[in-house]
There are 2 protein chains.
Amino acid sequence: MPSDLGHALLGLLARRPSTGYELARRMQRPVGWFWTAGHSQVYPELARLEAAGLVRHDVVPGRGPRATKRYAPTAAGTAALRQWVTAELAPQPVRDLEVLRLWSVWLVDPEAASDLVHRVRDGHAQRLAAYEADLATLDGVAAAHDPSAPEFASRLTLEGGLRTRRAAVEWCDWMLAELARAAPG
Amino acid sequence: MPSDLGHALLGLLARRPSTGYELARRMQRPVGWFWTAGHSQVYPELARLEAAGLVRHDVVPGRGPRATKRYAPTAAGTAALRQWVTAELAPQPVRDLEVLRLWSVWLVDPEAASDLVHRVRDGHAQRLAAYEADLATLDGVAAAHDPSAPEFASRLTLEGGLRTRRAAVEWCDWMLAELARAAPG
DNA sequence: CAACTCATGTAATGAGTTACATGATTGA
DNA sequence: TCAATCATGTAACTCATTACATGAGTTG
């Protein structure tokens, strides 16, 4: 049974066969919106997936110093991915460094606190804009409304990012108001 | 300079001196809402913080087989924490296994997809309830409105969790409607 | 007397990041 | 000709999880 990263790669390959290099790029975006990996993770994981019979590759005459390998999922790979999607999922621990910092924000003066919240807000607003842009390109596509098309799933996840980032931006505005109320001037 | 975990522990100790065991428990909740660690991470990190002069301990005649050590931040420790709170913060990569699964949900039939979304919704709703309960206990406390009190920061972070979880639950409801619309039956 | 909580640590494993290493083709 | 992109891999290191190990006091 592959790792989470392995399933991320299978998810990418189920949408479109790719080289390791392409997978590493696609892991930055769009998959990077909710899962990231560098190429130094991708290549060994591809080898493990291949050893498990979940992906296979053919060699295309390449442009680098080594042979260029194009990977695609096997029937077993697609089946494993399909099964994993609906498998039991333990509640996920949250890991948010920004919130961890805000939790100790009572130690600093209100001006420094406001500055921090502004920077946090900017980050969320930037992500929000990126999600909106991605969703806009999907808007015209008919497949985005067909539950068996990958574009449908892309639309679901983008909509989720949109809503949580929108909530985060509103939260930051609320915090700024709280800080201003508590310490005016 | 301590790790993120080190700053999490300093944040706990700045609120209340504790033993390693208590810190490990407090890392489950409330800090566990946004950062987690087990006791096997806590003890070595406390030793590192002490070696760096950021915490110190006194020995209280203990109940375990070894001496019970109660830790508190030093002046340097509190200063380091205060500085870290407002320090430069690189944009954080998101890591969300639930969204990663939903991204491949186009591979499964609409009934299985709805079931998955229901389970995701339950998880968010449970967390939302926990946040609401924690916020309710803070509601009566006057310190929760004083920006220099730790309860103020607790209120900020809980409010953030509340808003993002609320958005997530609404997102799940939206997905269920989308799935029902696309595949009625 | 069994189970649970308090209390502290180490060891092994797995996952993730950063750095090292190479080299062809394409476009400015 | 210089830089970027395509393309693949390994090595060192850090961080996190799980398992091992011990033992007193309290509650049912």
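First the proteins, then the strands, lettered A, B, ... as listed; each starts at 1.
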[X] [atom1] to [N] [atom2], straight-line distance once rounded to whole Å:
X         : N       : atom1 : atom2 : result
Lys69(A)  : dA7(D)  : NZ    : C1'   : 11 Å
Glu22(A)  : dG9(D)  : CD    : P     : 14 Å
Gln28(A)  : dG16(C) : CD    : P     : 14 Å
Leu23(B)  : dG9(C)  : CG    : C1'   : 15 Å
Leu97(B)  : dA15(C) : CG    : C1'   : 13 Å
Arg26(A)  : dA7(D)  : CZ    : P     : 13 Å
Leu100(B) : dA15(C) : CG    : P     : 14 Å
Leu9(A)   : dG16(C) : CG    : P     : 11 Å

Side-chain contact, heavy-atom cut-off 4.5 Å: Leu176(A) with Ser114(A)?
-> yes
Classify the nucleic acid contact of Gly20(A) as base, sugar-phosphate or nothing, counting any heavy atom under 4.0 Å across all strands shown.
-> sugar-phosphate
Of the listed nucleotides dA19(C), dT10(C), dC15(D), the one nearest the side chain of His39(B) | dT10(C)
Between dA16(D), dG16(C), dT8(C), which one does the side chain of Arg95(B) approach most closely?
-> dG16(C)
Would you tell me if any nitrogen or oxygen in the side chain of [X] comes within less than 4.0 Å of OP1 or OP2 on [N]?
X        : N       : result
Tyr43(A) : dG9(D)  : no
Gln41(B) : dC15(D) : no
Tyr21(B) : dC6(C)  : yes
Thr19(B) : dT8(C)  : yes
Thr36(B) : dA16(D) : no

Quick one: which of Val31(A), Val85(A), Thr157(A) gives a side-chain contact (heavy atoms from CB on, under 4.5 Å) with Leu100(B)?
-> Val31(A)
Polar side-chain atom of Thr19(B) near backbone of Lys69(B) as donor-acceptor pair, under 3.5 Å | no
Go through the N and O atoms of the side chain of Ser40(A) and the base of dT18(C), and report whether any donor-acceptor pair is under 3.5 Å.
-> yes
Side-chain donor-acceptor pair under 3.5 Å between Arg48(A) and Ser3(A), yes or no?
-> no
Please tell me which of Pro44(B) and Arg25(B) maps to the more 5' nucleotide of DNA chain C, matching each residue to the nucleotide holding its nearest heavy atom.
-> Arg25(B)
Mind checking whether Trp33(A) and Tyr131(A) have parallel, tilted or perpendicular rings, split at 30° and 60°?
-> perpendicular
